[in-house]
Amino acid sequence: MTRLLILLTLPEKIRMQYYHGLRGAFPDLGIDLVDHHSRVDPYINEADILLTFGAHMADHVLEKGRKLRWIQALGTGVDGIVDRPPFREGVLVTNMHGLHGDSVPEAAIMLMLALARDLPRAMRQRNARKWERYPSRLLKGKTVGIFGVGAIARSLAPKCRSFGMTVVGISSAPRSMEGFDRMVHRDELEKTVRGLDFLVLLTPYTPQTHGIVGAKVLAAMKPSAYLVNLARGGIVDEEALVRALRENRLAGAALDVFANEPLPEDHPFWSMDKVIVTPHLGGFHDQYAEEALPTLVENFRRFLAGDIEHMVNVVKR
């Protein structure tokens, strides 16, 4: 019997959506379910398939999963899986490319509005029962740079323009795309950020983008500019960002992803007035499992039939 291990550190209701969806489609598939990587030991030795997010993984899962033939990542990014030392190159990896085109753009707009209207200040005043009016900033007339031009950016750019923003794409492969006023190469990142009011990060995490938003890029940004990170924490030099915020060289930041997740309780971001922290919620929404299951079922059908060649969203490394 082929065995699947579902490793998801998510609310039980969501975990069970995946369990019941796959159990109903494949009654002969052996399925085990755990909510944390520390609980995989009774099952991982016999697992042929692993269903998880990279952020939910640990090295020992791959070390003990010697029978694994396929890992289905539930996110677009596969960092946390293929970049772990125990990962074996012969293991097939697929992702869920294309499911974040609604949720992440909405999160980006929400975070830009929250920064522009200084929502953290309003919340602090509410907690202090303090009535003090202050002017907000409009998105209209501002320039946003979107670093990482894929399906999510393609959805986000027109939304930004609907607010009257100028939209600049930053990509390793610049090309004409609807919704963008212009496109530049990522080699021009430091030069480009000088004219931005918002820098939104959507780029994949790779060796080339590790720490790419570092001290030099942050120093080039306007003191009135904001950073929004919905990509991966490793793309930003977090120590350099803390320094820039403390020295008032940036107006603020909205961060959904971090180099270490969960974000440690003693991290400075938690207590900084200029920082909005969200716990990796950008692509996490109430319809995600429902939207993911048709792709999962199709991939499982092909894998179990030995039709590896026609599986979708195969990650090429």
When R126, R124, R121 are each screened for salt bridge (charged side-chain N to carboxylate O under 4.0 Å, His left out) with E132, the one that passes is R121
K216, NZ atom: more than 12 neighbouring heavy atoms under 6.0 Å: no
Any side-chain heavy atom of Y205 sitting closer than 4.5 Å to one from V257? no
So do the side chains of F180 and R154 get within less than 4.5 Å of each other, counting heavy atoms only? no
Assess whether atom CD of E261 is packed by more than 12 heavy atoms of other residues, nucleotides or ligands within 6.0 Å. yes
Closest approach of E290 and Q17, non-hydrogen atoms and distance? N-NE2, 4.4 Å
Output, in order, the C-alpha distance, side-chain angles, deciding distance and verdict of side chain to side chain contact (heavy atoms under 4.5 Å, CB included) for R15 and I6. CA-CA 8 Å; R15 295 198 306 271; I6 301 175; 5.8 Å; no
Can you tell me if D181 uses its side chain to pair, donor with acceptor, with the backbone of V167 under 3.5 Å? yes
Under 3.5 Å, is there a donor-acceptor pair between the side chain of Y134 and the main chain of R117? yes
Are Q208 and I212 packed together at the side-chain level, in the sense that at least one heavy-atom pair is separated by less than 4.5 angstrom? no
At what distance, to the nearest 0.5 angstrom, does NE2 of H267 lie from CZ of F258? 8.0 Å
Does H285 reach the side chain of E291, with side-chain heavy atoms less than 4.5 Å apart? yes
Identify the two heavy atoms, one from A240 and one from G214, that lie closest to each other, and give their separation to 0.1 Å. CB-C, 4.3 Å
Tell me whether the count of non-hydrogen atoms from other residues, nucleotides or ligands lying under 6.0 Å of CD in E247 goes above 12. yes
Electrostatic pair D197:K222 at N-O distance under 4.0 angstrom: yes
Is it true that, when you exclude E63 itself, more than 12 heavy atoms of the residues, nucleotides or ligands shown sit nearer than 6.0 Å to its CD? yes
Separation between CG (L51) and CG (L8), nearest 0.5 Å, reads 5.5 Å
Please check: side-chain N/O of W270 versus main-chain N/O of P264, any donor-acceptor pairing under 3.5 Å? yes
Hey, mind stepping through L230 and L202 against side chain to side chain contact (heavy atoms under 4.5 Å, CB included) and telling me if it holds? CA-CA 6 Å; L230 287 157; L202 300 177; 4.0 Å; yes
About how many Å separate CD1 of I71 and CD1 of I49, when rounded to the nearest 0.5 Å? 11.0 Å
Please lay out, stage by stage, how D256 and T278 fare under the test side chain to side chain donor-acceptor pair (under 3.5 Å). CA-CA 5 Å; D256 187 56; T278 53; 2.6 Å; yes
Counting only heavy atoms from other residues, nucleotides and ligands, does the tally under 6.0 Å from NE2 of H210 exceed 12? no
Is it true that atom NE2 of H97 has more than 12 heavy atoms of other residues, nucleotides or ligands lying nearer than 6.0 Å? no
Under the 3.5 angstrom rule, does the side chain of N229 hit a backbone N or O of R232 as a donor-acceptor pair? yes
Closest non-hydrogen atom pair, V277 against L263: CG1-CD2, 4.2 Å
Where L138 and K142 come nearest, the two heavy atoms and their spacing: O-NZ, 2.8 Å
Mind checking the OG1-CE spacing from T9 to M57? Nearest 0.5 Å is all I need. 11.0 Å
What I'd like to find out is whether the side chain of F87 reaches to under 4.5 Å of the side chain of V93, using heavy atoms alone. yes
Looking at side-chain heavy atoms only, is the closest gap between N299 and V312 below 4.5 Å? yes
Give a yes or no on whether the backbone of H100 and the side-chain of S103 come within a donor-acceptor separation of less than 3.5 Å. no
So, applying side chain to side chain contact (heavy atoms under 4.5 Å, CB included) with L92, which one of V314, V315, L68 is it? V314
When rounded to the nearest 0.5 angstrom, what is the spacing between CZ in R69 and CZ in F303? 4.0 Å
L241 and F269: side chain to side chain contact (heavy atoms under 4.5 Å, CB included), yes or no, with the steps? CA-CA 10 Å; L241 178 57; F269 287 149; 3.8 Å; yes
N/O donor-acceptor pair under 3.5 Å between D79 side chain and G54 backbone: no
Report yes if the side chains of V104 and L156 come closer than 4.5 Å at any heavy-atom pair, otherwise no. no
I'd like to know whether D28 forms a side chain to side chain contact (heavy atoms under 4.5 Å, CB included) with M1, so could you lay out the CA-CA distance, the side-chain angles of the two residues, the decisive distance to 0.1 Å, and finally the verdict. CA-CA 7 Å; D28 295 330; M1 175 187 290; 5.8 Å; no
Taking the side chain as C-beta and beyond, is there a heavy-atom pair between M221 and R249 under 4.5 Å? no
Nearest 0.5 Å, what's the CG-CE distance between L139 and M165? 5.0 Å
State whether the side chain of R23 and the backbone N or O of L29 hold a donor-acceptor pair below 3.5 Å, judged by distance alone. yes
Donor-acceptor under 3.5 Å (R137 side chain, S224 main chain): yes
Donor-acceptor contact present, side-chain R84 to main-chain G80, <3.5 Å: yes
Please find the pair of heavy atoms, one from G148 and one from A153, that lie closest to each other, and give the distance. O-CB, 3.3 Å
Using atom types as modelled and distance alone, determine if a side-chain donor or acceptor of D32 lies under 3.5 Å from a backbone N or O of L5. no
CG of N260: more than 12 outside heavy atoms within 6.0 angstrom? no
Minimum heavy-atom separation for P204 to T209, with atom names? O-OG1, 2.8 Å
